[in-house]
Visitor: 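Please see the structure below; I have some questions.
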Amino acid sequence: QVQLVESGGGWVQPGGSLRLSCVASGFTFSRYTMAWYRQAPGKERQLVAQVIGNSGVPIYEDFVKGRFTISRDNAKNTVYLQMNSLKPEDTATYYCHAVGLAYWGQGTQVTVSS
C-alpha cells in the first residue's frame, strides 16, 4: 500500500524558514518524480516543485524560485522541501505526491503571519 506522510509544518513569521519532510513507502521510490503541492482554503491545489527520481534534478514553479529547495534521499525514501523567505501567501496545507500514482499524504499545515 502506498503511503506518504508529511511533517515539518508550523507557524513562522514572514521571512522565516521551515523544512518539510515526506516519508514514502509502498512503491519503488527512486523511480518516481516526487512533487510538493499546496492548497489554501478556497483555492485549488497548486504545484510547488518537483524532483526527478534517480537524478535528483529539481524543477520549480516561478513563485518559489530562489526561496525553496526540493531534494530527496532515496536511501530513506524521503523528499524534502526547504522553505526560506516565507511570505504570508505561502500559507497553505502542503502535500507530497509521487507523479503518476493516485495517492496523497495527509498534508502538513504551514502558516506564515505576524
Side-chain angles (χ1 to χ4, degrees):
Q1 181 180 338
V2 172
Q3 286 192 308
L4 302 164
V5 182
E6 300 95 336
S7 63
W11 174 86
V12 293
Q13 296 188 39
S17 298
L18 287 171
R19 191 176 84 147
L20 309 183
S21 299
C22 173
V23 179
S25 60
F27 62 99
T28 305
F29 181 78
S30 63
R31 294 183 180 177
Y32 284 83
T33 294
M34 296 298 297
W36 284 97
Y37 285 76
R38 68 188 187 186
Q39 189 166 28
K43 299 178 67 177
E44 67 182 57
R45 186 175 294 143
Q46 178 184 43
L47 177 65
V48 176
Q50 303 171 79
V51 58
I52 305 302
N54 211 40
S55 70
V57 174
I59 305 169
Y60 300 101
E61 298 303 298
D62 287 344
F63 59 87
V64 300
K65 285 181 178 177
R67 298 191 298 126
F68 291 9
T69 302
I70 189 170
S71 61
R72 65 193 296 155
D73 185 339
N74 287 338
K76 296 181 178 180
N77 285 3
T78 302
V79 60
Y80 305 95
L81 186 68
Q82 177 67 47
M83 305 187 296
N84 300 324
S85 302
L86 283 161
K87 304 174 181 180
E89 52 263 45
D90 296 319
T91 296
T93 302
Y94 284 71
Y95 301 89
C96 69
H97 178 65
V99 176
L101 297 180
Y103 298 93
W104 298 86
Q106 85 288 345
T108 186
Q109 178 66 38
V110 172
T111 303
V112 185
S113 71
S114 299

Visitor: To the nearest 0.5 Å, tell me how far K43 NZ sits from E89 CD.
Guide: 8.5 Å
Visitor: Determine the minimum heavy-atom distance between Y32 and R72, stating which atoms define it.
Guide: O-NH1, 2.8 Å
Visitor: Starting from the C-alpha separation in whole Å, work towards a yes-or-no answer on side-chain contact (heavy atoms from CB on, under 4.5 Å) for M83 and L20.
Guide: CA-CA 8 Å; M83 305 187 296; L20 309 183; 3.8 Å; yes
Visitor: Determine whether a donor-acceptor pair (N or O, by modelled atom type, separation under 3.5 Å) exists between the side chain of Q1 and the backbone of G26.
Guide: no
Visitor: Could you report the tightest heavy-atom contact between A35 and V99, atom names first, then the distance?
Guide: CB-CG2, 4.1 Å
Visitor: According to a 4.5 Å side-chain heavy-atom criterion applied to Ile, Leu, Val, Met, Phe, Trp and Tyr, with indirect links allowed, do V2 and F29 form part of one hydrophobic cluster?
Guide: yes
Visitor: Working to the nearest 0.5 angstrom, can you tell me the gap between E6 CD and H97 NE2?
Guide: 11.5 Å
Visitor: Using modelled atom types only, decide if a donor and an acceptor are shared between the side chain of N74 and the backbone of G53 within a distance under 3.5 Å.
Guide: yes
Visitor: Could you tell me whether the side chain of S114 reaches within less than 4.5 Å of the side chain of P14, counting heavy atoms only?
Guide: yes
Visitor: Are L101 and V79 grouped together when hydrophobic residues (ILVMFWY) are joined by side-chain heavy atoms under 4.5 angstrom apart?
Guide: yes
Visitor: Quick check: closest heavy atoms across K65 and Y60, and the distance to 0.1 Å?
Guide: CE-O, 3.4 Å
Visitor: So, taking the atom named CG in D73 and the one named OH in Y80, what distance separates them when rounded to the nearest 0.5 Å?
Guide: 5.0 Å
Visitor: Is there a path from V51 to Y95 through hydrophobic residues (I, L, V, M, F, W, Y) whose side chains come within less than 4.5 Å of each other?
Guide: no
Visitor: Output, in order, the C-alpha distance, side-chain angles, deciding distance and verdict of ring pair (Phe, Tyr, Trp, His ring centres under 6.0 Å) for W36 and F68.
Guide: CA-CA 11 Å; W36 284 97; F68 291 9; over 10 Å; no
Visitor: Inspect the surroundings of CZ in R31 and state if more than 12 heavy atoms from other residues, nucleotides or ligands are less than 6.0 Å away.
Guide: no
Visitor: Might you point out which heavy atoms bring G8 and L18 nearest each other, and give the distance in Å?
Guide: O-CD2, 3.8 Å
Visitor: Apply side-chain contact (heavy atoms from CB on, under 4.5 Å) to the pair T91 and Q109, showing each step before the final yes or no.
Guide: CA-CA 8 Å; T91 296; Q109 178 66 38; 4.1 Å; yes
Visitor: Quick check for you: to the nearest 0.5 Å, what is the distance between E61 atom CD and L47 atom CG?
Guide: 4.0 Å
Visitor: Is any side-chain heavy atom of L4 less than 4.5 Å from a side-chain heavy atom of M34?
Guide: yes
Visitor: Run the side-chain contact (heavy atoms from CB on, under 4.5 Å) check on D90 and R67 step by step: do they pass?
Guide: CA-CA 11 Å; D90 296 319; R67 298 191 298 126; 2.7 Å; yes
Visitor: The test is side-chain contact (heavy atoms from CB on, under 4.5 Å); show your working for N84 and T69 and say whether it passes.
Guide: CA-CA 8 Å; N84 300 324; T69 302; 5.5 Å; no
Visitor: For S17 and V12, which heavy atoms make the closest approach, and how far apart are they?
Guide: O-CG1, 3.7 Å
Visitor: Distance only, no hydrogens: is a donor on one side chain within 3.5 Å (strictly under) of an acceptor on the other, for Q82 and R19?
Guide: no
Visitor: Heavy atoms only: give me the nearest V48-F63 pair and the separation to one decimal.
Guide: CA-CZ, 4.2 Å
